[in-house]
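To keep things clear, I will list the structure first and then write my remarks on it.
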Amino acid sequence: MTTKKKISICVSVYNEEAVIEKFCDSFESIRGSLKWDYELVFVDDGSLDDSLSILEQKAREREYIKIVSFSRNFGHEAAMIAGIDNCDGDGIICMDSDLQHPLEMINPIIDSLEEGYDVVNMIRLENKSAGIIKNITSKAFYRVINILSDSTCFLENASDFFALSKRSADVLRKYYRDKNRFLRGYIQSIGFKTTTIEYVAPERAGGESHYSIRKLLKFSIDNIICFSDFPLKIGGYAGIVAAFMGLIVLVYTLATYKTAPSGYATIVILICFLFAVLFCVIGVIGKYLAILFSETKDRPIYLIDKKIGFDDKNESN
C-alpha cells in the first residue's frame, strides 16, 4: 500500500492577530480538497500582540497545526528558513498569513511537485494592496539585481510564496545558512527542475504591511550585495572616470596655459567629485565588511523559545 504524501505549509507570523483566525478558517474550508496529507507550521517571529496566544488556541483545536515560536523578532527571512528546517513533508510551501498568497493555489502547486519539479516559483501578476511606487520599485529591484548579479535567473514579481521538493529543501537546510539571506533568490538560483505558477494577490485580510519604504530599501541593498560583487568594483571604474576627467583638464590646461583662468572652480569641482567617489567606495566596502563580520561571528539565524506539536525540542539553528 502506497503511503500518501504530505505537504507542509510554512506560514510566517509577526503581529498578525487580525488575520490568523481568517487564515485558519480559510484553510479549514479547503483542506478537505487537498490531494496530499498536510500540516500547518506557523512560525511566530516574536510577535508583540496576541498572535501566539491565538495560534496556541488553534493548535489545541486542530492537530494538524504546529507552532515554532522565536525568543524574539529575527525577521521574515529567518522565520521562513526556520519553517523549512522544521517541516517534514514531501513538499514545502512557504506563504504569508495575510491571505495575499491564495490557499486555492495549494493543489496546483502539488500538481507541479507530482510532475517532478523541485522548485515552484509563484509569480504575482497583480498586487491589489500595493501602490504604484511599491510596484515600480519592485520591478526596478529585480532588473538591477539581474544586471549586477553573475546570475540572471531572478524572476520579476516573484514573492515569498514558493514551494520546494524535499531534496531542494534539504539543500537549503545544509548549504544556505547565511546570516544575510535572500531566500527567494536562493530558491531561484539552486537549479534543479523549476517551474512557475502565476497568481493574483488579493487585498490583505487585515492588518498592515510590515515593510516600510526604509525597510524595503535596506532589504534591496542587502540582497544586491548578497548576490553581486559589482559594488566592490565601483572604485576601479570610478578611478578610470576620474583619470579620464583629469586627462581632459590636463589637455585643457596645456592648450590654454597662456590665458588660463585661476583654476579655482576646476580644482573645487575635482576635489568634491573625487571625495564623493572615495566616500562612496568606503561605504560599499564597509557594507561588505559588515556582512563578513556577521558571518564570521556565526551566531544562530534564530533562537526558538518553544515548539508546539513537535517531538523534538531544538532551540536554535
Side-chain angles (χ1 to χ4, degrees), residues 3 5-12 36-41 43 45 66 68 70 74-96 101 105-106 108-123 142 145-146 149-155 158-197 219 222-229 291-292 294-296 298-304 307 310 312 314-317:
T3 303
K5 291 185 175 181
K6 182 168 73 173
I7 188 75
S8 296
I9 302 165
C10 168
V11 186
S12 58
W36 289 6
D37 284 336
Y38 48 84
E39 66 175 0
L40 268 180
V41 179
V43 182
D45 186 22
K66 300 178 180 179
V68 176
F70 285 173
F74 284 89
H76 183 60
E77 294 278 315
M80 286 194 293
I81 196 64
I84 292 172
D85 289 344
N86 288 278
C87 289
D88 61 1
D90 299 283
I92 299 173
I93 299 174
C94 286
M95 63 195 321
D96 293 340
H101 299 159
M105 301 306 298
I106 295 177
I109 290 172
I110 291 175
D111 290 338
S112 294
L113 294 173
E114 287 183 334
E115 291 170 9
Y117 290 102
D118 289 291
V119 176
V120 182
N121 290 298
M122 304 299 293
I123 305 301
Y142 280 104
I145 197 170
N146 275 325
S149 174
D150 294 333
S151 172
T152 57
C153 63
F154 301 110
L155 301 168
S159 67
D160 292 325
F161 184 21
F162 57 83
L164 304 168
S165 67
K166 192 167 187 176
R167 93 165 160 162
S168 56
D170 285 340
V171 169
L172 291 179
R173 293 178 186 125
K174 186 174 182 180
Y175 298 110
Y176 288 79
R177 310 305 297 182
D178 307 37
K179 306 301 179 288
N180 189 74
R181 292 165 309 283
F182 182 35
L183 197 52
R184 78 181 76 160
Y186 291 161
I187 68 164
Q188 293 179 47
S189 63
I190 60 175
F192 299 135
K193 192 176 181 182
T194 304
T195 189
T196 60
I197 298 177
F219 177 79
D222 287 348
N223 293 315
I224 287 173
I225 288 176
C226 183
F227 276 90
S228 174
D229 62 356
I291 292 175
L292 288 173
S294 176
E295 296 294 333
T296 302
D298 197 28
R299 292 175 180 170
I301 297 172
Y302 57 84
L303 292 172
I304 294 175
K307 297 168 70 173
F310 296 91
D312 60 303
N314 294 335
E315 297 183 351
S316 65
N317 211 318

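Everything numeric here is computed off the predicted structure, so don't read it as measured data.
If you run side-chain hydrogen bond (donor to acceptor under 3.5 Å, both in side chains) between D170 and each of R167, R173, K174, only R173 comes through.
Contact of the M105 side chain with the I110 side chain is not registered, since no non-hydrogen atoms from C-beta on lie closer than 4.5 Å. With contacts defined as side-chain heavy-atom distances shorter than 4.5 Å, the pair L164/L172 qualifies. Residues W36 and L113 have side chains in contact (heavy-atom distance under 4.5 Å, counting atoms from C-beta outward). With a 4.5 Å cut-off on side-chain heavy atoms, F162 and M95 do not count as touching. Residues D45 and Y302 fail the side-chain proximity criterion, which asks for heavy atoms closer than 4.5 Å. The side-chain heavy atoms of I7 and E39, taken from C-beta on, include no pair separated by under 4.5 Å. Side-chain atoms of V119 and S165, non-hydrogen and from C-beta on, never get closer than 4.5 Å to each other. Looking at heavy atoms from C-beta onward, C94 lies in side-chain contact with I84 at the 4.5 angstrom threshold.
Geometrically, K6 does not engage Y38 in a cation-pi contact defined by less than 6.0 Å to the ring centre and at most 45° from the axis.
At least one donor-acceptor pair under 3.5 Å links the side chain of S168 to the backbone N or O of D118. S8 places a side-chain N or O within donor-acceptor distance of the main-chain N or O of G89, the cut-off being under 3.5 Å.
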Evaluate side-chain hydrogen bond (donor to acceptor under 3.5 Å, both in side chains) for N86 paired with K66, printing each intermediate quantity in order.
CA-CA 10 Å; N86 288 278; K66 300 178 180 179; over 6 Å; no
Walk me through it: do R177 and D85 pass the test side-chain contact (heavy atoms from CB on, under 4.5 Å)?
CA-CA 11 Å; R177 310 305 297 182; D85 289 344; 2.9 Å; yes
Can you check side-chain contact (heavy atoms from CB on, under 4.5 Å) on F192 and V171, steps first, answer last?
CA-CA 11 Å; F192 299 135; V171 169; 3.7 Å; yes
Evaluate the side-chain contact (heavy atoms from CB on, under 4.5 Å) criterion for residues I109 and I197: first the C-alpha distance (whole Å), next the side-chain angles of each, then the deciding distance (0.1 Å), finally the verdict.
CA-CA 8 Å; I109 290 172; I197 298 177; 4.2 Å; yes
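Here the straight-line distance linking atom CE of M122 with atom OG1 of T196 works out to 9.0 Å at 0.5 Å rounding.
In this structure, I301 and F74 approach most closely via the heavy-atom pair O-CD2, 3.3 Å. When all heavy atoms of I190 and I187 are compared, the closest pair comes out as CG1-O, 3.7 Å. Taking each heavy atom of A79 and C10 in turn, the nearest pair found is O-SG, 4.4 Å. A pairwise comparison of heavy atoms in A78 and F70 identifies O-CZ, 3.7 Å as the closest pair. In this structure, Y176 and Y186 approach most closely via the heavy-atom pair CD2-CG, 3.4 Å.
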